[in-house]
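Both ligands and their constituent atoms are indexed starting at 1 by order of listing. Scope of the values below: all heavy atoms of this structure, side chains included, with no hydrogens, waters or symmetry mates.
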Amino acid sequence: MTARLLIVGPQGSGKGTQGVLVAEAFGIPVVSTGDIFRANIKQGTELGLKVKAITDAGDLVPDEVTSEIVRDRLSQDDAQGGFLLDGYPRNTTQVGHLDAFLAERGENLDAVILLDVPRDESIARIAKRAEEQGRSDDTEEAIAKRLDIYESETAPIVDVYAERGIVDRIDGVGTLDEITARIFAALEARGLVRVAA
Ligand code: AMP
């Protein structure tokens, strides 16, 4: 069955990891704007050159640029039967862009998974990731900026989706398996059926 999902949470909430597991279980692709930007930066594409300084500083890439990339990605064949968005939309302007785009296709998001993790815990997890992966935007300054933007711009999108009754707030503290199980249970309660375990 199709599932059109969005996973939201502060940096360090584990949304990237959980997003991959959920997408696998539903047989849908993950569409992560952060991953798309990082791949372009690594390959030195025109887009990569344009966004490197912005992402390194922890700022948001302009909405028009980001929304166009998502629109293109969602137009590909593998996203016709559903998708899991990770990292987009990130503010209410982007919500408007996504709404318009999905409306053209006669589609809606089925569920928004909100991973709830206290700020202290997020910072501790990002610091650990910085050590392990050496991401160029995992500097102390950029991390603080990203968390601030999350609180001021991204958290409000949850209210928009909550009004539509599609938000599942998931306690993001626990083991990886526990959190995955909580997400699966919430989606199942919406009648969203997994294709794999
Ligand atoms: P992420 O991996 O989701 O933390 O994204 C890494 C960086 O990519 C962010 O700090 C932003 O600079 C940029 N980015 C990712 N998604 C978006 C988005 N939806 N809108 C604007 N910038 C984004």
Revision key, fill the gap. Numbered in order shown, the ligand 1 atoms found under 4.0 Å of a heavy atom of Y88 are 19 (N)
Between [X] and [Y], is there a side-chain N and carboxylate O pair less than 4.0 Å apart?
{"X": "R119", "Y": "D148", "value": "yes"}
{"X": "K52", "Y": "D137", "value": "no"}
{"X": "D35", "Y": "R73", "value": "no"}

Looking only at protein heavy atoms, identify the closest one to [atom] and say how far it is in Å.
{"atom": "atom 20 (N) of ligand 1", "value": "Q94 NE2, 2.9 Å"}
{"atom": "atom 22 (N) of ligand 1", "value": "V61 N, 3.0 Å"}
{"atom": "atom 23 (C) of ligand 1", "value": "F37 CE1, 3.7 Å"}

Practice item. Assess whether side-chain contact (heavy atoms from CB on, under 4.5 Å) is satisfied between L85 and L98, documenting all intermediate values. Key: CA-CA 11 Å; L85 290 167; L98 179 65; 3.7 Å; yes
Flag [X] as yes when one of its N or O atoms lies below 3.5 Å from any N or O atom of ligand 1, and as no otherwise.
{"X": "D137", "value": "no"}
{"X": "R38", "value": "yes"}
{"X": "I54", "value": "no"}
{"X": "T33", "value": "yes"}
{"X": "L60", "value": "no"}

Review point. So do L176 and Q18 actually touch side chain to side chain, heavy atoms under 4.5 Å?
Key: yes
**Study point:** Heavy-atom side-chain proximity of L187 to L5 below 4.5 angstrom
**Key:**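 L187 vs L5: side chains touch.
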Check your understanding: Under 3.5 Å, is there a donor-acceptor pair between the side chain of R169 and the main chain of D116?
Key ->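 Not a single qualifying donor-acceptor pair exists.
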**Study point:** Between CG on residue D138 and NZ on residue K128, distance to nearest 0.5 Å
**Key:** 13.0 Å
Point to revise | Minimum non-hydrogen distance to atom 7 (C) of ligand 1, winning option of T55, L98, T66, V65 | key: T55
**Study point:** Of the listed options R90, Q11, R146, closest to atom 3 (O) of ligand 1 (non-hydrogen atoms)
**Key:** R90
Revision key, fill the gap. Logged contact type for D59 with ligand 1, heavy-atom cut-off 4.0 Å, is backbone
